[in-house]
**Student:** 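This structure is in structure tokens; I'll ask about it shortly.
The sequence lines fix the lettering, A, B, ..., with proteins before strands; numbering per chain opens at 1.
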2 protein chains.
Amino acid sequence: MTRPPPVPALQDHLGFWLRLVSNHVSHAFAARLAEREVTVAEWVTLRTLHARPPLSPSRLAAEISMTRGAITKLADRLIAKGLVRREADPEDGRAQTLALTPAGAALVPALAALADANDTAFFAPLDARERATMEKLLRRLVDAHGLAALPVD
Amino acid sequence: MTRPPPVPALQDHLGFWLRLVSNHVSHAFAARLAEREVTVAEWVTLRTLHARPPLSPSRLAAEISMTRGAITKLADRLIAKGLVRREADPEDGRAQTLALTPAGAALVPALAALADANDTAFFAPLDARERATMEKLLRRLVDAHGLAALPVD
DNA sequence: GAAAGATGATTGACTAGGAAACTACATCTG
DNA sequence: CAGATGTAGTTTCCTAGTCAATCATCTTTC
């Protein structure tokens, strides 16, 4: 008499809860950004380019963990919106640089306020100590697995 | 003399770390599943249908937080792979029911083992107490925001 | 019991991103 | 310095979702 192999529930995995909560925060944030016609990936790009010297698409791709192909399209969109400027690198005929336009730079603080508000509202059910604990544990996982400093995707 | 508005870094938000870690666990899991030619959404579907009475697409959509349109296509894929069966609901001319085929049911335990292995490996840097803490905090957020906590019932 | 509205599922148009092929330029090596 | 190899960016094709429109059926209401 063989019994069926035990199959743990989805909820038995910490990864499940992580994904559920993470998806929800991101979705809530995406909804706020959508009112400004900006996606999360676009926000991350704008924030990454903010107050820094121009960055090559490849470098940006690595920093925000997207492929170079995706950056080409993302940059196209941001350029079409007048938020980013693309220029040829004078020192390397293959390379480009991306930088914020004044309009892009002006938009960042407003979007940052949305990010703040979203984070504050979502994690309000935890007190300061608990939030610190959560960050500590998450950072431990990041360190232990050598994750790239930045996400998206 | 006005100074520029302060713009917090991406890393200053707990949501940032959550997304970074969550994306990584999910990606690692997706890579394991890919060897069996299964996506994460397909796994969640198979697991949800496992050892339960047939479920309508709408109900499934609600449980796994996807649109009905997405479920139609997801089900088409799983049916094409011979893992799921779709039948007309005899009691409601509009409705359908989805259930696992024997092949689908047989696949679930193998995929569940992958899920276990992935979760265990990823969260190994935390000890049991820390993992329990993390789950407790995540569940608190889920409850506080009334997130669709999947199955139940 | 007929019209109006609600609900279940599918479809088509659209979006964002990945993978891999491709182009152009750079660099290395003999 | 010529050919081989490497690198930056773009392009094409594909996948997997959402959203909105649609069709069929069920339910409600008068």
**Student:** Please report, rounded to the nearest Å, how far the P atom of dG8(C) is from the CD atom of E91(B).
**Tutor:**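 Answer to the nearest Å: 14 Å.
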**Student:** Can you tell me which residue pairs pass the side-chain hydrogen bond (donor to acceptor under 3.5 Å, both in side chains) test with a partner in residues 123-134 of chain B, sequence neighbours excluded?
**Tutor:**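 Residue pairs with at least one partner in residues 123-134 of chain B: R140(A)-E130(B).
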**Student:** Please report the distance, rounded to the nearest Å, between CE in M66(B) and P in dA9(C).
**Tutor:**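 Rounded to whole Å, this separation is 15 Å.
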**Student:** At under 4.0 Å between heavy atoms, how does the protein contact nucleotides 9-15 of chain D? Give one character per nucleotide, 5' to 3', with B, S or -.
**Tutor:** BBBBB--
**Student:** When you measure from the side chain of S56(B) to the backbone of T97(B), do you find a donor-acceptor pair of N or O atoms at a distance under 3.5 Å?
**Tutor:**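 Pair absent, no side-chain N/O of S56(B) close to backbone of T97(B).
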**Student:** So D92(A), base contact, sugar-phosphate only, or nothing? Heavy-atom distance under 4.0 Å.
**Tutor:**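 The residue D92(A) makes sugar-phosphate contact but no base contact.
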**Student:** Take the angle between the ring planes of W43(A) and F29(A) and call it parallel below 30°, perpendicular above 60°, tilted in between.
**Tutor:**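 Aromatic pair W43(A)/F29(A) classed perpendicular.
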**Student:** From CG of L55(B) over to C1' of dG8(C), roughly how many Å is that when rounded to an integer?
**Tutor:** 14 Å
**Student:** Considering non-hydrogen atoms only, spot the tightest contact between I64(A) and V44(A) and give its length.
**Tutor:** CG2-CG1, 3.6 Å
**Student:** On DNA chain C, does the nearest nucleotide to G93(A) precede the nearest nucleotide to R77(A) from the 5' side, or the other way round? Give the residue.
**Tutor:** R77(A)
**Student:** Does this structure show an ion pair linking K81(B) with E37(B), if we count only N-O contacts that are shorter than 4.0 Å?
**Tutor:** no
**Student:** E87(A) has an atom CD; how far is it from atom C1' of dA8(D), in whole Å?
**Tutor:** 17 Å
**Student:** Is the centre of the F123(B) ring less than 6.0 Å from the centre of the H13(A) ring?
**Tutor:**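 Centroid distance F123(B)-H13(A): not below 6.0 Å, so no.
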**Student:** To the nearest Å, how far apart are D89(A) CG and dA24(C) P?
**Tutor:**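 Interatomic distance, CG of D89(A) to P of dA24(C): 19 Å.
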**Student:** If only side-chain N and O atoms of T67(B) are considered, is one of them under 4.0 Å from the OP1 or OP2 phosphate oxygen of dT18(D)?
**Tutor:**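 For dT18(D), OP1 or OP2 has a side-chain N or O of T67(B) closer than 4.0 Å.
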**Student:** Let me know the distance between CD of E42(B) and P of dG17(D), rounded to the nearest Å.
**Tutor:**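 Between P of dG17(D) and CD of E42(B): 8 Å.
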**Student:** Taking NE2 from H27(B) and P from dA16(D), how many angstroms apart are they, rounded to a whole number?
**Tutor:**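 Computing the H27(B):NE2 to dA16(D):P distance gives 13 Å.
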